[in-house]
Amino acid sequence: MTRLLMKGTDAIGEAAVRAGCRYFFGYPITPQSELTHYLARRLPEVGGLYLQAESEVASINMVYGAAGAGARVMTASSGPGISLMQEGFSYMAGAELPCVAVNLMRGGPGLGNIAPSQADYFQATKGGGHGDYHMIVLAPNSVQEILDYTQKAFDLADQYRNPVMVMADGIMAQMMEPVELEEERNIELPAKPWAATGMAYHQGRNVINSCYVIPEEMEVVNLRLEKKYQQIRQNEPLCDSYLLEGAEIVLVAFGTASRLCRSVVDKARQRGIPVGMIRPITLWPFPYDFIEDIAGRVKWMLAVEMNMGQMQEDVQLAVKGKIPVYHYGRLGGMVPVARDILEEVVKLYNGGALR
Amino acid sequence: MKKVFTRPKTLKDVAYHYCPGCTHGIAHRLIAEVIDELGIQNTTIGMTSVGCSVFTMEYFDMDMVQASHGRAPAVATGIKRVLPDRIIFTYQGDGDLAAIGTGEFVHAAARGENITVIFINNAVYGMTGGQMAPTTLMGQVTKTTPFGRSKEVNGFPVKVCEMLTPLEGAAYLARVSVHSPKSIIQAKKVIKKSFEVQMEGLGFSLVEVLSTCPTNWGLSPLESVKWLEDNMIPYYPLGEFKKPGVLA
Ligand SMILES: Cc1ncc(C[n+]2csc(CCOP(=O)(O)OP(=O)(O)O)c2C)c(N)n1
Ligand code: SF4
Ligand SMILES: [Mg+2]
């Protein structure tokens, strides 16, 4: 175990390498570019390949090919590029191909800006592409978690044969924090007997496909996928909590916003306001059950997000109308300030909650 | 009894869904014969694209990967970079390759991606019901050019082989046709060469196959081959546009 200072983008890259990922296909966009700079150097060191594609559309389709051939593979981008990849994610979900895609979110819609944002929540968790499918979505909130969850993302992708997204933003990408880096070890990658590697290399004939022209057959596939999603919903929801004991008020936040909320909780407690926090780590599957359980014991929740209230809807679904769920957000690449969040909490606590 | 003609090993024993007189089937057969002759059935992975040929995954007896519309060269790139010793080919229509997939095939060629592209030019979008393709000829009537393709509205047809010729990464570029026995024999030779170029590791190879679509051309199979010969070949001349030095 080594303790060292590491930057968010380097942590994503290093985690991928340590997870046995040897292929990265991508197209430059801020704030993702520094990750590609890292991998363009690092991957060749381990016999891997960094290939700059002609677009994000090409990138995700190269990922599709590499995944179809059985490789651990990843791509990364930000809003506009992730939008271009949506058809590809849908195809990968349909053909049941594993991959890891990183979205370092930025202000939008449109070209927006390069400032940190969480506005791609709906796109990632509600199926930004077409058809009935889901991606597993992980939202780390520290460089250590970026290291840990990026590696986990590859395992989940292979385990469920499904694309997995790691969502963060420019702050997390640029941030330097101390991390515990485990010794590099040789990991055994799971066998992929389904991969299209040529018939000489496996039993029978392998076809990677998401096309089922006969509706009866497509429905069977849809049902099989839904069964898998159900399994993921049951087994994989992850969340963290802070000072829920005695809390009457719960802030719900992920990623960068959750870092701010932690200090809001501390400050509120100093003032005698009983605040706690829930931090979803998997945005899909969303930790509905955990939040519902807590909802039975508190007065209201406040979703704090760098968007207009996207995760708020999932929190509302989780609490099933038992308690009010408010929202506080900054938009367009603006980052909430702890003082302002605290002010909102105080206002709601002093009766504003009845508004 | 002596068997003198049989199904290539690489083609599965299933009926094609193609319309009567469609020459997609001839192109399939030529590819399968070439793969048999080169002995690469078990080391080849084929990419189907979106168009009438999407079901080739059920016709070729080998590992197949179905790519999204236009992206087969990117998917092929992903596979080839992971498995550089396998033989990878894409099979794409003119809408798939020369319209929506323009970025992918041009850049695969520019990178000198060591794959083979079989490009079926039938001057129309077959699968979606006969709309204009980027290769639709001037004046040609389609569902979306009911008064004929005009330069004012639609501009000019794309000549894929000619367009790729200056790219250094493109190693082998040729245009063939399958409208007559003679042209079919020639087409097979060229397709074989395109696979050999890849097996030698010489770079990107593309064979454009002029093909018929009787259904959407509104012609009988016989009229279709005549129409191809009379109209397509003058605009899309047959021949080898580029060969690697070692083949020249
Ligand atoms: C992204 C996307 N856009 C459009 C379509 C609809 N589509 C299916 S096949 C096709 C045209 C295929 O024409 P071509 O490539 O010429 O093949 P052909 O059927 O003529 O062999 C189109 C536009 C699609 N499947 N995906
Ligand atoms: S629509 Fe045209 S290209 Fe498609 S199968 Fe029929 S004849 Fe062939
Ligand atoms: Mg066509």
Side-chain angles (χ1 to χ4, degrees), chain A residues 21-25 27 43 48-73 75 84-92 94-95 97 99 129-130 192 194-213, chain B residues 9-10 12 17 35 39-51 53-88 90 100-111 113 115 127:
Chain A
C21 170
R22 291 293 176 272
Y23 301 92
F24 182 102
F25 302 94
Y27 187 84
L43 279 170
L49 169 80
Y50 166 80
L51 186 66
Q52 185 166 316
E54 61 271 28
S55 69
E56 289 85 354
V57 174
S59 307
I60 192 63
N61 284 285
M62 289 174 183
V63 167
Y64 178 96
R72 278 202 163 175
V73 55
T75 186
L84 283 181
M85 293 182 187
Q86 294 301 329
E87 184 196 29
F89 293 141
S90 168
Y91 268 71
M92 294 194 79
L97 292 182
C99 78
H130 59 285
K192 297 183 179 173
W194 46 262
T197 51
M199 295 199 299
Y201 300 87
H202 54 76
Q203 292 281 311
R205 192 172 86 93
N206 286 345
V207 176
I208 304 292
N209 173 47
S210 66
C211 173
Y212 301 89
V213 272
Chain B
K9 215 162 63 123
T10 298
K12 286 175 53 177
H17 69 286
I35 287 174
I40 54 173
Q41 180 188 7
N42 291 331
T43 51
T44 299
I45 305 159
M47 278 352 65
T48 74
S49 59
V50 179
S53 59
V54 68
F55 302 112
T56 42
M57 61 194 167
E58 292 310 324
Y59 303 152
F60 287 116
D61 191 7
M62 61 170 79
D63 279 7
M64 298 292 295
V65 177
Q66 181 244 323
S68 61
H69 197 23
R71 319 303 171 197
V75 176
T77 297
I79 301 186
K80 188 73 177 187
R81 295 301 182 117
V82 173
L83 305 169
D85 62 340
R86 301 315 132 84
I87 304 304
I88 312 292
T90 74
I100 194 167
T102 311
E104 283 73 16
F105 86 86
V106 170
H107 284 277
R111 285 192 303 270
E113 210 63 62
I115 59 171
M127 181 174 239

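A note on names: the letters A, B, ... follow the listed sequences, proteins ahead of strands, and every chain is numbered from 1. Below, each value reflects all heavy atoms present in this structure, side chains not excepted, and no hydrogens, waters or symmetry copies.
Per-residue counts of heavy-atom pairs under 4.5 Å with chain A were compared for B:I40, B:L83, B:V75, B:I79; the largest is that of B:V75.
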Test side chain to side chain contact (heavy atoms under 4.5 Å, CB included) applied to B:N42 and A:Y201, step by step: CA-CA 8 Å; B:N42 291 331; A:Y201 300 87; over 6 Å; no

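Between A:L51 and B:R81, the closest side-chain pair of non-hydrogen atoms falls below 4.5 Å. B:Q66 has its side chain out of reach of A:V207: every pair of non-hydrogen atoms, C-beta onward, lies at least 4.5 Å apart.
In this structure, no portion of A:I60 lies under 4.5 Å from any heavy atom of chain B. For A:T197, the parts lying under 4.5 angstrom from a heavy atom of chain B are both the backbone and the side chain. Both the backbone and the side chain of A:S210 come within contact range of chain B, with heavy atoms under 4.5 Å apart. Heavy atoms of A:A67 lying under 4.5 Å from chain B are absent altogether. For B:V65, the parts sitting under 4.5 Å from any heavy atom of chain A are the backbone and the side chain alike. Residue A:V57 touches chain B through both its backbone and its side chain, counting heavy-atom pairs closer than 4.5 Å. For a residue to count as touching a neighbouring chain, one of its non-hydrogen atoms must lie under 4.5 Å from one of that chain's; by this rule B:V50 touches chain A with the side chain only.
Expressed to the nearest 0.5 Å, how far CD1 of A:I208 lies from CE of B:M47 amounts to 10.0 Å. The CD1 atom of B:I45 sits 10.5 Å away from the CE atom of A:M199 when rounded to the nearest 0.5 Å. Interatomic distance, CD of A:E54 versus CZ of B:F105, reported as 11.5 Å (0.5 Å rounding). In this structure, the separation between OH on A:Y64 and OG1 on B:T77 is 14.5 Å, given to the nearest 0.5 Å. Of the inter-residue distances, the one linking A:R205 atom CZ with B:K12 atom NZ reads 3.5 Å to the nearest 0.5 angstrom. The structure places CE of A:M62 at 14.5 Å from NZ of B:K80, a figure rounded to the nearest 0.5 Å.
A:C211 and B:F55 make their closest contact through SG-CE2, 4.4 Å (heavy atoms, listed as atom of the first residue, atom of the second, distance). Residue B:A74 comes nearest to A:A58 through the heavy atom pair CB-O, 3.7 Å, listed as atom of the first residue, atom of the second, then distance. Residue A:Y91 comes nearest to B:S68 through the heavy atom pair CZ-CB, 3.2 Å, listed as atom of the first residue, atom of the second, then distance. A:G198 and B:D63 make their closest contact through N-OD2, 2.8 Å (heavy atoms, listed as atom of the first residue, atom of the second, distance).
Remark: A:Y27 OH is loosely packed, at most 12 non-hydrogen atoms of other residues, nucleotides or ligands lying under 6.0 Å away.
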